[in-house]
Structures are given as structure tokens and as C-alpha cells.
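Side chains included, hydrogens not; waters and symmetry mates left out as well; all remaining heavy atoms used. Below, read A as the first sequence line, B as the second, and so on, with proteins coming before strands; counting in each chain starts at 1. None of these values were measured; they are calculated from a predicted model.
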Protein chains: 2
Amino acid sequence: MSLSKKGLAWIIPIGNELLIGRIVDTNSAWLARRLTFLGYRVIRIVKVPDDLDEIIEEVKRGLGRAEVVLTTGGLGPTYDDKTLEAIAKATGKSLILNNKALKMVEEFYMKRDLPMTRERIKMAMLPEGSRPIPNDVGAAPGVVIELEDSILASLPGVPAEMKSMFEKTLQPILKTRAPPKKVWECSVEIRGVPESSLAPFLEEMARKYPRSYVKSHPKGHEIKEPILDVRVLSSGEELNEVKKMSEKIIDLIIKEAKRLEGRIASKSCKAPD
Amino acid sequence: MSLSKKGLAWIIPIGNELLIGRIVDTNSAWLARRLTFLGYRVIRIVKVPDDLDEIIEEVKRGLGRAEVVLTTGGLGPTYDDKTLEAIAKATGKSLILNNKALKMVEEFYMKRDLPMTRERIKMAMLPEGSRPIPNDVGAAPGVVIELEDSILASLPGVPAEMKSMFEKTLQPILKTRAPPKKVWECSVEIRGVPESSLAPFLEEMARKYPRSYVKSHPKGHEIKEPILDVRVLSSGEELNEVKKMSEKIIDLIIKEAKRLEGRIASKSCKAPD
């Protein structure tokens, strides 16, 4: 595998409803958090409309840059569900009837005495060489394709279906490929210090400890009542080492906040859930 | 202007917190909805980490494809706020101290008897030729740059600041440039019909009426109790014409749903808010 792709992930949420702003995409944040905790670094989340050429372009781009490419949405029976056709074209594969997928779809509709229509069969037409992911919530199977130097998976856009597929099928596969990594996060809420007053110190911390991610989020009003949510996320091979690292940095930040006459409202450290 | 860019919009939310999934990005959907109602077609929402080269790459890509490019986030005082530096580099401009922006930032901190530090001055360093957008909620000004064939604007990531800037400053500018367009949306909730049963008819409608956007969203369970939220969004130059179009299509869909023994739970038509 190209070294530059190793450990990188790319998420492509698909659907016009996202681009017209009718739906807030909560799937991406959920997936990004899971991928991060598995040890992957998500470098892009690219929302793209239900347009064949646009999806092909983004899937190709993702496969060129990242080891793990996940799409969400566009797997259903309707005319605007184009994900699998785009993936087939982007990877140079044919779209063929997958017997395992067909069985999953048939079972789903048979339970309700509904016939297999052209639209329902469409959900079982997968790119050659792909594996269907069972959908225990809805009708459309997900898809995973292991390529030479990337893994490409397509999950449904309905959050419950997406989450169930990720947890039951995709996560175990990704775990075996993921770079070994432990993560530990410390956070503290600081009141009474404007973000810009603490900024030079946070910058110093970030420079000094490049394997930790130091971030402040203003929650109150910068002047009237500044509230800062400061987080330190450390990652590495050894849990003990990343614990020590996060806790050391958060304590230094607390010390500096107190020097600036800030009040410490809460501090906590944990493995991010 | 390149004809292919006209009326297209591109949104670039910036920030590591989005790529590690610590924050659900609600800004993009809000902006996408506003842009859509102004008559623009949003063709991409690309979340990118706080990395100078990655931001430059995405801003250049957006400017090459769309008439309107909006970024959110990365305008603050901290070391990882890199948006303006990236925009300067992407557009081949220098980053210079903008006097109007400096006044805005100074006023903000003077009210609290806080001195101007290097971090605070940084918020007034804008790409040459750009106009600062006043921030009546937080400290960092927004930025708008009118380029030869695109308009590029950078808004803060804090939703209240972003929304206020968009409504007070950016929307009036975009309105004068926007393609003339009226939008009308009809929706209906159908119970008891699986999405895949209605799909062929929706496909037919979408083919027959290409200026209307027909979409169904399953809300219930496809088999146990299917609930479909069907929407028809029509756009065009004349309000009367788009009203008639949306209402005609939704009535045809309701007729088909009844034929499939569906129950109509609610129907409404309105200018999308």
C-alpha cells in the first residue's frame, strides 16, 4: 500500500437532501468518532449530491488518498439511489446480481408477502467482488469491497441501519487493519478567561506535544462571561503513556488558567466513548 | 464568468473537531438551506482539517467549480485557526493588516479593557482586497472577497456568529448576484406503503417533471409500519408556476399512494422557510 494512505480515512455522505440543507448529517460525526477511536485519521468528509458523475469523482478521489473510504446513503430502491452504480464505475467493476444480497432482500420482503420488483432487485445488484453487509433494520444491504490498497464500504443513510452495520460487520474488519493505537482524552471547563488570552499557552502546548491534540472551544461569550471547553486528546501505542501525556498537559493548562484568574468548573479524563 | 460555475455554491467547513467527530456540523445544513432558497445549487460540502495545505487544496477546488464558496471556522485567535492564511495562499494574495477589521477587533477587546495581543491582531490580518464582515456576537470578523468570477466568504464556526454575519452582510450581497428563482415545496406523509412500492411512480414523476425535485424519506419501518415523508420542491422564475407544479405533482403522488392502499396522514404546501 502507498504509505501515504495508511491509516487515513475518507467519508462521503451522498444525497441531495444534504446539499439542500433539509437534513443535518449526524452520520458523519458518528462515523468519524468511531474511525478516530479505531486509530484512523479522518482527513475529509465530502457531501455529494445524487449525481452519478459527481459521486464517481469523489469516490475516486477518496480511494486515491485514503485507506478507508466510507459512503453513506443512496443504497435504497428509488431512482436517485446511485451509490452502487457509481462505485462500480469508480472501481472499474461491473454491477452484478449478488446472490447473498438477493437472499437478504428477498427475506425482507417475503416476511410481508411483498413481491420482488425491479426496484427491490436493484438493491442486490452489487459491484463485482463485493460482500453484502446484512441490514437487520431496513431492506437495503450494505456493501464492502476490499481493494488492493483500500477498503471501500457503502452504508445506508438511515442512522439506525448505518450504525448497526458499522458495529456488527465493518468495525471488526477495520479493527484488524487499523494501526495499533490507544486514545485518552482529558477535558476541563474554564470560566472567566477569554479564548485569546489562553491561546498563546495552548499554542505552546501543541508545539511541545505534537502527538496530543489540544483544542479550545468557546462556549460562552468571549467578553461577558467567557467559558472555555479545553480538550487534550492523546494517542499512541501504550495506554499508560497516552494517559500520562493527556493528564500532564491538562494540568499545565489548568495551572495557566488559574494564573489568568480563571475558575476551573470541571475536569475529567477518560477513554473517549 | 465560466457558465458552468454560474449559480453553483460550495461549502467548506474547517476544523479538526469535525473530522474527529467531536462536533456535529449544523452550520452546513443551515447555510445550504439558505443558499438553496436564494436560488443557488450547493454541489459540495467538504469538511477539511486545520491543515494549511488541505484547506488551500479545497478552496482552490471550490473556486474552480462554483460561483459562491463559503468557509466556516478557523477565524479565531488560536494557532490552529488557519483559514485566512489558506485563503490568501489559494487566491495568490498577501495577508495584510486590514484597518477596518483591526478597529472591529480593538473595539471588542477595549470594551473589556483587554490589550491587543499578537493573537488578537492576527484576527485582523486579512487577504488583500477583502472586506471584513462585522461580528456582533464574537471577536473575529468574517471576510468576503469578490473575485473575478467567484465570491469567497469566510464565516466563523460558532453558529450564532455565522448566522448573524450571513443574514446581515452576506445574504444581501448574494441576493443581488443570485439567479432569479422562486421555490415552492409540497409534502405529504403516507402511511402503510413501503418506499419500494411507491418508488416506480416517484421515478416516473421525477422523469416527467425535471424542474421539480421529488424525494421520499422512510421514517417508519419499511415492513412493520412504513411511514413515508414525500416532498416535492419546485423552482423556477414564476411563483405561480412553481406553486402549480408542486401541487400538481404531490396530488398525483397522493392518488397513487391511495391506489396502493396507503393512508394520507398530512399534506402541506408552502414556501420553504
Q.
Quick one: does any side-chain atom of B/N27 pair with a main-chain N or O of B/G157 as donor and acceptor, under 3.5 Å?
A. yes
Discussion item. Is a donor from one side chain sitting under 3.5 angstrom from an acceptor on the other, for A/R231 and A/S212?
Written reply: no
Checked B/P200, B/A206, B/A199 vs chain A; the most non-hydrogen pairs under 4.5 Å come from B/P200
Okay, A/D229 and chain B: the region with an atom under 4.5 Å from a heavy atom over there is side chain
So, the part of A/I23 with a heavy atom under 4.5 Å from chain B: the answer is both
If one checks every heavy atom of A/R41 against chain B at 4.5 Å, the contacting part turns out to be neither
Applying a strict 4.5 Å limit to non-hydrogen atoms, the region of A/E17 in contact with chain B is both
With the threshold set at 4.0 Å, does a side-chain nitrogen-carboxylate oxygen contact exist between A/E203 and B/K122?
no
- Query: Heavy atoms, side chains only, cut-off 4.5 Å: are B/Y209 and B/V214 in contact?
  - Reply: no
Under a 4.5 Å cut-off applied to non-hydrogen side-chain atoms, are B/V46 and A/V46 in contact? yes
Under 4.5 Å to a heavy atom of chain A? For B/L18 that would be backbone
Of B/L31, B/T117, B/I43, B/D25, the largest count of non-hydrogen pairs under 4.5 angstrom with chain A goes to B/I43
Applying a strict 4.5 Å limit to non-hydrogen atoms, the region of A/I20 in contact with chain B is both
For a quick test of your reading: what N or O donor-acceptor pairs under 3.5 Å do the side chains of residues 186-194 of chain A make, sequence neighbours left out?
from	atom 1	to	atom 2	distance (Å)
A/S187	OG	A/S268	OG	3.3
A/E189	OE1	A/K219	NZ	2.9
A/E189	OE2	A/R191	NE	3.2
A/E189	OE2	A/R191	NH2	3.0

By side chain to side chain contact (heavy atoms under 4.5 Å, CB included), B/P134 pairs with (sequence neighbours left out) B/M104, B/T169
Cut-off 4.5 Å, heavy atoms of chain A, and the answer for B/E185 is side chain
Scored by heavy-atom pairs under 4.5 Å with chain B, the best of A/V158, A/V24, A/L233 is A/V24
Cut-off 4.5 Å, heavy atoms of chain A, and the answer for B/E119 is side chain
Bottom line for A/Y213: the part with an atom under 4.5 Å from chain B's heavy atoms is side chain
Under 4.5 Å to a heavy atom of chain B? For A/D51 that would be neither
Given B/V42, B/I45, B/I12, the one with more heavy-atom pairs under 4.5 angstrom with chain A than any other is B/I45
Distance col, row B/L35:CG vs B/L8:CG, nearest 0.5 angstrom, shows 11.5 Å
**Asked** Would you say the side chains of B/S197 and A/R120 form a donor-acceptor pair under 3.5 Å?
**Response** yes
Under 4.5 Å to a heavy atom of chain B? For A/E161 that would be neither
